[in-house]
Protein chains: 2
Amino acid sequence: MHENDAGKDTGNLSLQFKNNIIILRHMERQTTIKDIALALRLSTSTVSRALRDAADVSIETRKAVKALAEELDYQPNKLALSLLKNQTNTIGVIIPNLDYVLATMVKGIDEVALEAGYTVMVCQSDESFGREILNTKRLLDSLVDGFIVSVSSETMVYEHIKKIQTKKIPLVLFDRVINSINVPKISLDNVEGARLATQHLIDQGYKRIAILAGPENLGISNDRKTGFMQTLKQNKIALDKNHIIHCDFNQDYAYIAAKELLSMNKRPDAIFAISDRLAIGAMLAIKEAGLKMPKDFGLVGFNNEPITKLLTPAISSVEMFAFEIGKATAKMFLEMLHSDENMSDKEILIKPKLVIRESSRRLSE
Amino acid sequence: MHENDAGKDTGNLSLQFKNNIIILRHMERQTTIKDIALALRLSTSTVSRALRDAADVSIETRKAVKALAEELDYQPNKLALSLLKNQTNTIGVIIPNLDYVLATMVKGIDEVALEAGYTVMVCQSDESFGREILNTKRLLDSLVDGFIVSVSSETMVYEHIKKIQTKKIPLVLFDRVINSINVPKISLDNVEGARLATQHLIDQGYKRIAILAGPENLGISNDRKTGFMQTLKQNKIALDKNHIIHCDFNQDYAYIAAKELLSMNKRPDAIFAISDRLAIGAMLAIKEAGLKMPKDFGLVGFNNEPITKLLTPAISSVEMFAFEIGKATAKMFLEMLHSDENMSDKEILIKPKLVIRESSRRLSE
DNA sequence: TTGTAAGCGTTATCAT
DNA sequence: ATGATAACGCTTACAA
């Protein structure tokens with residue numbers, strides 16, 4: 001070793017002074033404020049201040065600190081900061097799946113959150129109640145500043161959601177909201193969406209309209225069913241109870257359900273499916289039965305997934321502006337986080353739009 | 001107030017002793033070990049030990065501690081633990097988008113991670129190099145135990161990825177891997193997938209096969225192109241350079257590109273599109289040109305998205321087993337995390353499978 | 001069996 | 001302008 005070397009081990013760095021030039025060798029650990037302080041013979045508080053451009057630090061000190069920080073690629077430890085400030089700058093997003101609609105919503109949430117300096121933790125429950133609870137529990141242990149939640153289709157008991165509320169942790173519900181819980185909510189006006197679809201089918205002259213609804217306990221499913229039933233009533237059309245079918249959000253089940261509908265005595269001449277997946281399942285059954293859309297049979301879906309316009313026939317569907325809902329949700333969440341006003345009664349309903357395509361357009365108008 | 005009440009404020013709890021019964025009132029903060037220690041007149045270390053069933057704690061103490069912890073709904077602060085152990089039990093997943101394939105892979109990653117007690121932070125770059133870098137930076141500040149990364153299509157410089165490596169933070173690349181970086185990689189055998197598709201088109205008698213490739217700098221795109229060219233060569237088919245078209249992963253661009261192909265003098269009679277989105281764009285152009293598939297024109301896509309089998313004609317596609325790739329990736333990652341063996345040369349190639357559908361099956365065989 | 005004290009990395013308060 | 005100290009919540013030697 002060179003005789004000029006004055007080896008000195010200061011934590012993370014092995015400093016060697018040589019003709020007034022400091023030679024640094026990085027070691028395993030991440031560089032910390034302590035390392036810089038030690039190397040520069042300053043206190044950690046001074047280093048901390050210098051790094052954050054506090055007023056009362058001499059220019060030379062600041063320069064020296066910043067230079068060394070740069071050189072050592074110092075990055076503040078977010079964990080330490082979070083522990084200290086009791087704030088993680090992270091949002092926990094709990095969703096049932098990552099299908100088109102929710103993935104799009106997550107994109108919206110992500111965009112707004114990123115902009116505001118927040119990181120998003122996406123946890124998907126895969127429509128499982130148990131996994132939803134597990135995810136909630138894990139994130140609850142001080143990992144997130146708040147929650148943005150859309151519940152699974154299995155979820156019928158809301159203790160885990162209420163717990164978030166009890167702990168006074170900011171919570172916003174979106175898409176699949178829970179009416180009985182008093183927090184801000186953002187969702188599509190599902191009743192209205194169903195109304196648009198149903199009225200459209202009536203206007204096109206379909207007489208016996210059936211609905212392919214989702215799981216019975218799910219709010220969005222019931223809202224869409226409500227919109228459907230209200231519209232029939234308004235048009236003085238009697239409702240055939242057999243024409244209401246509930247099934248999981250799954251193309252195969254929808255196919256079976258639609259086959260059942262088509263085999264009835266008084267079989268329907270149109271189906272309103274409350275999701276495009278269900279509509280596709282129905283479409284397969286309708287085609288298989290040799291019925292032509294829109295002449296013999298009408299079909300309208302929900303979500304307006306890109307696939308709907310590519311199918312033959314292209315399927316009419318209710319656009320739900322998933323990306324916008326995502327953005328609105330994140331904005332609402334951030335507002336809740338930063339205002340001390342009680343926002344628990346805020347509720348945003350996004351207006352849907354019906355996109356009419358071949359599967360249901362049989363009048364030229 | 002009752003005369004028996006002996007109000008005593010111990011941090012998070014307001015204890016009131018009344019006939020030897022302790023009445024607790026929860027306050028704003030989360031319960032901590034300190035609160036329990038204070039209430040039980042123990043030291044924090046004893047409480048800590050009791051909670052973790054350490055050997056040397058008296059049974060009564062343990063019982064009392066656990067009872068109170070239960071009552072106060074004590075949850076250990078993960079942040080504190082992470083800071084202490086320098087380990088977050090969180091995996092950072094950086095992906096370019098949340099389309100079908102990656103969403104499915106994330107599902108696979110998620111499933112394995114959850115099982116192993118890890119939480120996943122999904123950050124999507126939206127195919128933006130800038131956002132990819134930002135996401136990486138944010139997660140790097142001690143937030144995750146390691147990274148699982150698939151790069152954006154814009155990414156041509158890998159400093160941010162190399163930085164992860166330099167910091168000795170576990171890193172696994174998947175799907176869109178980078179050959180020049182020496183870490184474990186899991187991806188589809190894209191060359192082989194392209195070979196299957198191309199050979200199939202040749203076998204079906206198509207003579208002038210074009211390829212709709214992706215962005216030029218993207219590895220998966222080049223691998224698929226390589227497989228394509230190799231197969232032509234093996235079959236002694238001359239390659240028309242004009243029949244290689246690069247475009248972004250976007251249906252509209254593919255449509256335009258395909259129109260261009262179809263308007264050439266020596267126009268192709270089949271297209272191998274390296275993603276289903278591209279295939280769909282091509283399909284629209286092919287239909288528009290009045291060409292019938294598979295008779296006049298052959299089309300094969302890649303990814304085997306569910307939509308491919310629903311279209312008319314149903315599109316042949318290369319199945320890439322996204323869910324399995326996701327699971328394999330997470331497993332590899334966990335293995336890397338827990339073994340000290342150097343795994344940087346591990347590379348898993350998943351074997352693809354060609355699913356033949358109407359768009360390219362014109363021989364009955 | 002229990003308590004004390006140091007430490008994880010940072011900042012804030014109070015001295016100097 | 002800088003430093004010492006306590007604190008965030010937890011664990012772990014070490015001491016009693």
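Residue numbering restarts at 1 for every chain, and letters A, B, ... go by the order of the sequence lines. It should be emphasised that the depicted structure is a prediction, and the values quoted were computed from it without experimental measurement.
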Check against salt bridge (charged side-chain N to carboxylate O under 4.0 Å, His left out), B:D145 and B:K85: CA-CA 11 Å; B:D145 289 345; B:K85 305 208 168 150; over 6 Å; no

Mark yes or no for a side-chain to base donor-acceptor pair under 3.5 Å between A:T46 and D:dA1, with no hydrogen or angle criteria applied. no

Specify the separation, in whole Å, of atom CD1 of B:I36 and atom C1' of D:dC10. 12 Å

Rounded to the Å, how far apart are B:L83 CG and C:dG9 P? 7 Å

Flag the pair B:K107 and A:E127 as a salt bridge only when some basic side-chain nitrogen lies within less than 4.0 angstrom of an acidic carboxylate oxygen. no

Expressed as a whole number of angstroms, how long is the span from A:D35:CG to C:dG9:P? 8 Å

For DNA chain C, whose closest nucleotide is more 5', that of B:L84 or that of B:R49? B:R49

Establish, from distance only, whether the side-chain atoms of B:Q30 and A:K167 form a donor-acceptor pair under 3.5 Å. yes

In whole Å, I'd like the distance from the CZ atom of A:R52 to the C1' atom of C:dT10. 8 Å

Quickly work out the B:I33 CD1 to C:dG3 P distance and round it to whole Å. 13 Å

Can a salt bridge be assigned to the pair A:K66 and A:D53 using a cut-off of 4.0 Å between side-chain N and carboxylate O? yes

Closest listed nucleotide, where the reference is the side chain of B:L42 and the choices are C:dT2, C:dT10, D:dA4: C:dT2

Nearest heavy atom decides the nucleotide; on that basis, is A:T44 or A:S58 closer to the 5' end of DNA chain D? A:S58

Under 4.0 Å between a side-chain N/O of A:K34 and OP1 or OP2 of C:dG7, yes or no? no

Among the nucleotides D:dC10, C:dT10, C:dT2, whichever has the atom closest to the side chain of B:V57 is C:dT2

When the distance from NZ of B:K85 to P of D:dT11 is rounded to whole Å, what number comes out? 7 Å

Could you check whether A:D56 gets within reach of a base, just the sugar-phosphate, or nothing at all, counting any heavy atom under 4.0 Å? base

Given atom CZ of B:R41 and atom C1' of C:dT1, what is their separation to the nearest angstrom? 19 Å

Do B:T61 and C:dT2 share a donor-acceptor pair, side chain to base, under 3.5 Å? no

State whether B:S48 places a side-chain N or O below 4.0 Å from either non-bridging phosphate oxygen (OP1 or OP2) of D:dC10. no

Between C:dG7 atom C1' and A:L38 atom CG, what is the distance in whole Å? 15 Å

Testing the 3.5 Å rule here: is there a donor-acceptor pair between the side chains of A:T155 and A:E132? yes

Looking at A:T32, I'd like to know whether one of its side-chain N or O atoms comes within less than 4.0 Å of OP1 or OP2 on C:dG9. no

